[in-house]
Amino acid sequence: MTTIVKIALRNLVRYRRRSLLTASLIAIGVMAVIVFGASAGAFRSLIVGQMTDAMLGHLQVHQRGYVASIDNLPLTMLLSPAEVAVVERALRDRPEVEAYSRRLKFSGMFSNYTETTAIRLNGVNPEEELRTIPLLASRIRQGAGTLHPGEILIPELLASGMGVAPGDTVVIVATNREGSVNAAQLVVSGVLGSVTGPGGRDGYVHIDDATSLLRMDEPEISEIAVRLREFDRLNESAGAIRRALEEGRAAGAIGPTEVHTWEGLSPFYNIAVMIDLLAASATLGLIALVLISVMNVMLMSVYERVREIGTIAAMGTMPRTILGMFIVEGLLLGLLGVLIGDAVAAGAILAINAVGPTFDFGRETGLVLAPRLDLWQMLTVSGVVLLVAVAGTVQPAFKASRMDPVEALRHG
Amino acid sequence: MRVIVAERLTKTYSRGGVSVDALKDVSFTIDRASLVTFIGPSGSGKTTLLNLLGALDRPTHGRMVVAGTEVGSLDPRAAALFRGGTIGFIFQEFNLIPVLTAYENVEYPLLLIQRVEAAERRRRVRALLEAVGLADQQDRYPDNLSGGQKQRIAVARALVTNPQLVLADEPTANLDLANASTVIDTMRRMRDTLGTTFVFSTHDPRVVSEVEHVFRLEDGRLVGQETQAGVAR
Ligand SMILES: Nc1ncnc2c1ncn2[C@@H]1O[C@H](COP(=O)(O)OP(=O)(O)OP(=O)(O)O)[C@@H](O)[C@H]1O
Ligand SMILES: [Mg+2]
């Protein structure tokens with residue numbers, strides 16, 4: 001085996017320029033895929049992180065059908081206190097659940113005493129909400145951003161459009177489920193920066209204010225946003241929660257519910273899928289590049305060495321051994337490209353992190369792109385490239401191993 | 001004792017509908033430990049015959065027994081095993097592996113064909129390099145050896161497995177007289193010490209005069225067989 005490796009290595013050195021050229025080509029491909037993958041991944045998780053940590057939560061529980069009509073923020077599809085209790089118990093039983101927040105969402109009219117406009121509001125418990133979407137605090141543009149009963153956080157577009165600032169008193173008018181209209185006077189305690197996506201421009205009031213404004217005898221809930229400890233286990237956790245709620249329903253404790261992850265709640269999911277597809281097609285391109293270049297070079301090698309192949313075959317070298325010689329050569333060529341590519345990619349990723357380029361996404365500005373040096377991704381890409389290099393060598397190597405020694409020796 | 005018994009060997013090539021008899025009804029025997037050459041004009045069938053004897057090709061008709069094996073009917077795998085175990089090859093163009101040193105070229109058949117263990121390998125390669133007088137050149141690559149040196153390395157490579165029969169197709173065609181004589185001389189010495197049988201082809205009359213046994217081919221037929229008494233054994 002060591003002899004075969006030695007022969008393969010020396011043959012690569014023998015055609016030094018060609019080997020280097022091919023290895024560089026592979027290296028560039030490997031680098032592109034790794035750097036692009038890491039950057040796209042960083043971009044994706046940054047945006048997803050913004051979305052989930054500043055607004056959505058990782059997943060949400062509603063009464064079944066709520067999300068489909070979320071545009072109207074219906075008050076007819078709420079979870080009763082008994083149901084909320086069951087859901088909370090299910091959530092508390094799950095170790096991966098870090099926090100959750102009960103929200104009562106409704107729409108109403110917002111008045112600064114001279115003008116009136118529509119507003120969408122979340123009634124929340126501020127501690128719960130902050131634990132569930134920790135980036136909410138970073139969205140406070142003006143004001144203290146507290147949310148005691150009697151206070152309201154309003155979206156910045158509304159604040160500038162209506163000329164309202166922290167400390168001002170405003171009136172919220174809302175119609176409840178039974179059709180009775182009620183109003184509350186609230187003090188603006190902060191102005192919220194918008195985030196991209198549905199609900200990104202909603203205001204916040206304390207949940208007690210929301211229940212009394214909507215004249216509810218007992219606090220009902222439109223949605224429960226959940227934050228997980230391990231975001232990577234999102235679908236698994238969603239499934240587990242879904243099952244727990246299904247059991248609760250079967251036991252007659254709750255009505256039908258629905259559990260959505262951020263993927264089902266945010267249109268950014270489609271962009272995320274596009275990013276993933278793009279990364280996948282870059283990988284496909286890399287595979288094609290490696291396959292074609294290795295195959296091409298190895299075919300050349302076989303044709304150039306027909307006489308050598310004839311010689312060793314005549315001497316009694318088994319086809320298997322000849323096959324091995326060329327496969328190892330193709331593999332080493334791939335390995336050279338992979339090693340160079342990995343090194344350059346690692347350098348590039350470190351460089352990107354050192355520079356720390358920023359970008360804007362929607363209204364979020366100054367997001368820092370920080371691609372991660374993902375060893376697992378590197379290993380996967382490298383492994384795929386090596387496999388493909390071997391695959392590209394199989395046909396030329398097979399050709400070499402099947403050569404008729406008489407024909408091969410007569411050649412050249 | 002006979003190393004080769006060939007009976008009515010015929011090899012017919014067909015090329016574009018025309019068939020060429022490269023060998024016609026060739027029969028002969030060769031004794032162990034002899035140094036034999038086949039001579040004849042270009043196209044007389046020398047290469048074809050050596051290819052048959054070396055199990056590189058199969059006869060169209062006839063049979064032959066080489067070193068106790070009926071070689072005319074071996075399948076490619078069995079033929080490769082037979083060649084690796086029984087035959088040493090020397091080529092007109094030396095055909096050393098360019099990426100291996102002289103030492104490694106000689107070692108190659110022990111390593112990748114016979115898979116002999118390291119100590120024995122080293123012993124045999126050293127002995128052969130000594131025998132062909134190139135022990136001091138063992139680390140050179142073929143590109144840095146003269147033609148004569150290359151062919152002596154090739155002789156060492158052919159002999160390192162201790163084959164019963166060495167086949168050489170025009171081994172001296174690319175060498176000057178001095179080098180050709182050295183190579184033939186080396187073969188003779190090996191024949192004397194190891195009892196190896198050497199069969200080679202040549203058109204070179206200077207070489208012919210140094211060999212005891214000469215077969216003459218013409219147009220695919222064996223037309224003469226001489227033993228040259230004058231040549232020292
Ligand atoms: N693969 C082949 N296909 C068709 N014809 C062949 C083939 N190999 C050899 N021949 C023909 O067989 C005859 C004998 O060829 P061979 O190569 O054995 O001669 P040779 O004595 O070795 O000649 P030279 O001295 O030129 O090497 C020639 O007519 C040649 O053209
Ligand atoms: Mg010939």
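Numbers restart at 1 for each chain; the letters A, B, ... are given by sequence-line order, proteins then strands.
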Heavy-atom count around [X] [atom1] within 6.0 Å, excluding the residue itself: above 12?
| X | atom1 | answer |
| --- | --- | --- |
| A:F36 | CZ | yes |
| B:R189 | CZ | yes |
| A:M300 | CE | yes |
| A:K399 | NZ | no |
| B:Y13 | OH | yes |
| A:F398 | CZ | no |
| A:N296 | CG | yes |

So which heavy atom on [X] is nearest to which on [Y], and how close?
| X | Y | answer |
| --- | --- | --- |
| B:L56 | A:D404 | O-OD1, 4.2 Å |
| A:A314 | B:F89 | O-CE1, 3.1 Å |
| B:R83 | A:P405 | NH2-CG, 4.1 Å |
| A:E308 | B:I97 | OE1-CG2, 4.4 Å |
| B:T101 | A:R10 | N-NH1, 4.1 Å |

Review point. Which atoms of B:F94 come close to chain A, meaning under 4.5 Å heavy atom to heavy atom: side chain ones, backbone ones, both, or neither?
Key: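 For B:F94, there is no contact with chain A at all, as no heavy atom is under 4.5 Å.
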
Review point. Which answer fits B:N51, side chain, backbone, both or neither, if we ask what part of it has an atom under 4.5 Å from a heavy atom of chain A?
Key: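 Contact with chain A is through the side chain of B:N51 alone.
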
Review point. Tell me, side chain or backbone of A:M315 under 4.5 Å from chain B's heavy atoms, or both, or neither?
Key: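 Answer is both: backbone and side chain atoms of A:M315 are under 4.5 Å from chain B.
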
**Study point:** Which portion of A:T321 sits near chain B, non-hydrogen atoms under 4.5 angstrom
**Key:**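 Contact with chain B: side chain only.
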
Review point. What's the verdict on side-chain contact (heavy atoms from CB on, under 4.5 Å) for B:T47 and A:R410, showing C-alpha distance, side-chain angles and the deciding distance?
Key: CA-CA 10 Å; B:T47 299; A:R410 217 212 317 262; over 6 Å; no

Review point. If you measure from CG on B:L100 to OG1 on A:T3, what distance do you get to the nearest 0.5 Å?
Key: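 The OG1 atom of A:T3 is 8.5 Å from CG of B:L100, to the nearest 0.5 Å.
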
Practice item. With sequence neighbours excluded, tell me which residues meet ring pair (Phe, Tyr, Trp, His ring centres under 6.0 Å) with B:Y103. Key: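 Once residues adjacent in sequence are excluded, B:Y103 has no partner under the ring pair (Phe, Tyr, Trp, His ring centres under 6.0 Å) criterion.
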
**Study point:** Contacts of type ring pair (Phe, Tyr, Trp, His ring centres under 6.0 Å), residue B:F28, not counting sequence neighbours
**Key:**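 Applying ring pair (Phe, Tyr, Trp, His ring centres under 6.0 Å) to B:F28 gives B:F38, B:F215.
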
Check your understanding: Listed by residue number, which members of residues 107-129 of chain B have a heavy atom under 4.5 Å from any heavy atom of chain A?
Key ->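 Contacts with chain A: B:Y108, B:L111, B:L112, B:I113, B:R115.
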
Check your understanding: How about residues 58-80 of chain B versus chain A: which residues have heavy atoms under 4.5 Å apart?
Key ->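 Against chain A, the residues of residues 58-80 of chain B that fall inside the cut-off (heavy atoms, under 4.5 Å) are B:R77, B:A80.
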
Check your understanding: Under a 4.5 Å cut-off applied to non-hydrogen side-chain atoms, are A:V13 and B:V99 in contact?
Key ->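 Not touching, per the 4.5 Å side-chain cut-off.
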
Check your understanding: Under 4.5 Å between any side-chain heavy atoms of B:R157 and A:T311, yes or no?
Key ->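 The answer is yes; the side chains approach within 4.5 Å.
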
